[in-house]
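In what follows, a structure is listed as structure tokens, so that the remarks can point back to it.
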Amino acid sequence: MSIMSSYARALAVQNGRAQPVATVRHLHLSATPMVFIPLKLAGEAAAPLAALVGTDPANPRLLVVPQPRNRDLRFAFMAELAEVLLPYIEGLAGVTETVEAKTPYERCADAPQLLVPNRGGIAFTKLLGRSTRFRRTDGPYPVHPSVPVLGQWLTFLSERAEYAGSSALVSMTDALALHWATGQSSMEDANLATQLAWIAPPEGLDGPEAALVAEDPLTSPPAGPETHPDFDGQVLEYAIQAFETSGSAAQVREALRSQLEPTWTLMWQGVRLLRELPEAATVEARWARDRDQFTRETARLAEGGFPRGRVDGAVSAAIRLADLESALQAYEAQRAFDDPLVMIEHRVAGKAFSGEVVAVDATRRIVPAGKTRAAPRPLVTIRTSDPVRLSPGRRLVSSRNRKQRTEIVDITGDLVVIQVNDQMGRGATPAPGSVPEVGDVVCYAELDPSGGQRPRLPAGEDTPWTHGGPPEPYVPTDEDAQEAWS
Amino acid sequence: MITLTPGQAAAEATEAILADFMGGPHRGVIVDSPPGAGKTTLVVTAATTLADSGERLMIVAQTNEQVDDLTDKLATKAPTLSIGRLHSDGFSVPSRVTRHPGVTASNKIDQVESCAVVIATADKWAYVSGHSWSWAIVDEAYQMRSDKLLAIAALFDRALFVGDPGQLDPFSVVDTERWAGLAWDPMQSAVAVIGRLNDLPVHRLPVSWRLPASAAPLVSEAFYPFASFRSGTAAADRELQLTTAGFPVPWDRTLNEAAATGWALHELPSRHTIRTDAEAVQACAGLATRLLQRGAVAHDENGSHDVGPDRIAIGCAHTDQVAAIRAAGTPAGVTVDTANRLQGREYDVTIVLHPLSGRRDATAFHLESGRLCVLTSRHRHACIVVARAGIAELLDNHPSTGRVQLNVPVKFPDGWEANHAVLAHLSNHRVGA
């Protein structure tokens, strides 16, 4: 935990209310997000129990598995879930726009966004995808044709959620924690009810009081995917027995509705709170990446793409790790440059500084290392009161031009001298406006929003001996869906 | 049985490694090398032997610093060898490399390809394609992430992987368990992956030439419990002499203890502090200053020399601590750095800010055995640890409770245990401040 976030939490305790830690919204919020609150059966790895799902706050759809130990009923539940989710997803895939690029291409104008209450919800979505995407519609234990398709989409969404800055599948508690610091521990923040109590306590209560009320599992049942053990033992078990004897799911439905509806209200309260924040500058670009990936997945599935494997091969794992790292690096940097409150964290840590330009040597020309001809390398001197913990040679990015590369030349007392290395036009002297002027207030940070470049890796079929050699090509079989735990 | 001298044991190990590498049936050979065990000598011997038989060799190291060090040593020991130093665009090659006539430095592979030995960082090699070598040496292979090896593995047929298993594992900023248990988990070290997927012979260098007789047994026992090594020198071979007497104050008493025994624990009163604990930071800088003021002279098997600032290092866990120690009046020329960046370096005296000093908790990061191993195994003469009292109790309150994951090989030593072993030893060298 950084000093700034500890400070914000301490302030929250002192004021009895959550403190904002962002001035803008750092995630995309769809006009029609699909709120999805799944529940699972205790003691099972991936046995769905119920879900409340929908895009309309006033009209959620309740899906239940009246006997969650019955596998046929589980997949009937998944088919029902597909009835809600697939039209939503496939509807969005139909509308495309042309992207002006070197080679123009088609991209979906919008992409699905699934909101789940917490990280547990993301993990369970991933497991649901895994337990359905390999299912066959023929052979032994056939399922409805929509089930494996839904499995592929749930897999796509939960894999997107691993990328920093993706808004395809969002955990509400994480989204709120990104913008507000409560007076609770981050572990306690995973409870949506108490977190929202700190952020927006009801009239007449302060944050801690409201959080205490929200800890009562009768008024605020767990937001899933686990249910409360007392509910399991005292309500659910009898409701399932009633279904077994009468064949009517009414009692199970009523019981589960009581567990899900309070969370449904909280989810939409969270959406409203997030909507009130203005969107950050780079959110649109990150959402465009989500849309790109959605477009590619749509095309892949349209061509009958195989379900994604349970484990990554050596090459795909390495590529994925590089992607995850560059997404994280870019996201951290973009967030800081978008939001002064986030940048403060880096300034306190000494990785960034802000200050006024006191001198500029715009005409300086040197022969850069490895070059033969002199080139403009202006020096800019900045006076800052920040605790700078950078050393000469470190490469920095400026808030006024995030593509311009600069490096520290010298730090003496409160004066930092930086050298500008590019983005100054082709002339012998820097183009007007490309270098800061005396009196400008600037911010430089050791953060790279571009995500960095990386070398090419061999193709999967060329996996070298060091990494086990080329893997066997995948051939789908009836046994694909078998799991040790299912 | 005749006991081999350290020199004989090391020569025997080197011979066996080279025989296995050049004549054995395997495509790779792994060499575990404890701190200062003559890894560079091994690399130089392998390179010259291959060059003598007309073979071309590529060498991979992990950082530009390591590449430059290795190039310098290689060119010093084998002046007739033609060496290509491949570097990235815009990198200025230091003079310690360019001063050798046998070295060609370039950022283009075509200009150095004809050299008997081509040496570059793994990152630079990853951009080379369309060329291949029969032989490769991968240095610091335990610090190389396996995805880096994946990018360059097509360049060579057979490789010698050399590294120190006790040092820090490579890491990623991404926190994911997605690949935990997979043999080719890209977040593991290169050696972990090749070792799990191929049945390769593992050799071990048995003698540390760097660590003095006072340090080798502790480091070996605490960090290399199943691959013990010994010091190449006897206790009488190394002496750290302080030419002035000093005052009866804690800093000087600590230095006296370190000079006499090779270890000292400069213990500050127990307190929970922020990471950049002002008193501990001051002690690190102050000890370095006093050491220089007292005119330390190091006597070793190669003769005697003054311990100048370039022979002293201060190591800690975090970059903000580095900045704080630098700002606290550390004499110019003294190296101050994090454990990650001190890997592979060697000094006469090291001053270590204990990673757990003043902490309220012992996280996996601070318990990592490699971190403490790097910090306590950089010295030829003495190591001074600066710490708040109470670390033993802190350890007892935070037993290591990492999640067990299927198919993930258990790593030895356990950081918790290694920390206790080092503390127990240091308690015999405690000087209260």
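Atoms considered below: every heavy atom in the structure, side chains included; atoms not considered: hydrogens, waters and symmetry mates. Since this is a predicted model, take the numbers as computed values, not measurements.
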>> For Ser146(B), which atoms come within 4.5 Å of any heavy atom of chain A: side chain, backbone, both, or neither?
In response: both

> Heavy-atom distance under 4.5 Å to chain A: side chain of Ile194(B), backbone, both or neither?
Replying inline: both

>> Rounded to the nearest 0.5 Å, what separates atom CG in Leu324(A) from atom CE in Met187(B)?
In response: 8.5 Å

> Just by modelled atom types, is the Trp465(A) backbone N or O under 3.5 Å from a matching donor or acceptor in the Asn198(B) side chain?
Replying inline: yes

> Are Trp179(B) and Arg320(A) close enough, and set up right, to give a side chain to side chain contact (heavy atoms under 4.5 Å, CB included), and what steps lead you there?
Replying inline: CA-CA 11 Å; Trp179(B) 304 292; Arg320(A) 193 178 184 87; 3.8 Å; yes

> Got a salt bridge between Glu325(A) and Arg145(B), using NZ or NE/NH1/NH2 to carboxylate O under 4.0 Å?
Replying inline: yes

> Within residues 404-413 of chain A, which positions have a heavy-atom distance to chain B below 4.5 Å?
Replying inline: none

>> Please classify the contact between Asp320(B) and chain A as side chain, backbone, both or neither, with a heavy-atom cut-off of under 4.5 Å.
In response: both

> Is there a side chain to side chain contact (heavy atoms under 4.5 Å, CB included) between Val193(B) and His467(A) once you walk through the steps?
Replying inline: CA-CA 7 Å; Val193(B) 170; His467(A) 287 66; 3.7 Å; yes

>> Less than 4.5 Å to any heavy atom of chain A: does that hold for the side chain of Asp175(B), its backbone, both, or neither?
In response: neither

> Between Glu162(A) and chain B, which part of the residue has a heavy atom less than 4.5 Å away: side chain, backbone, both or neither?
Replying inline: side chain

> For Leu149(B), is it the side chain, the backbone, both, or neither that has a heavy atom closer than 4.5 Å to a heavy atom of chain A?
Replying inline: both

> Step by step, would you call Leu197(B) with Thr466(A) a side chain to side chain contact (heavy atoms under 4.5 Å, CB included)?
Replying inline: CA-CA 7 Å; Leu197(B) 288 164; Thr466(A) 53; over 6 Å; no

> So what's closer than 4.5 Å to chain B heavy atoms on Leu321(A): side chain, backbone, both or neither?
Replying inline: both

>> Just so I understand: if I count every heavy-atom pair under 4.5 Å between each of Pro387(A), Gly313(A), Ala164(A) and chain B, which residue has the most?
In response: Gly313(A)

> Where on Arg178(B) is there a heavy atom nearer than 4.5 Å to chain A: the side chain, the backbone, both, or neither?
Replying inline: side chain

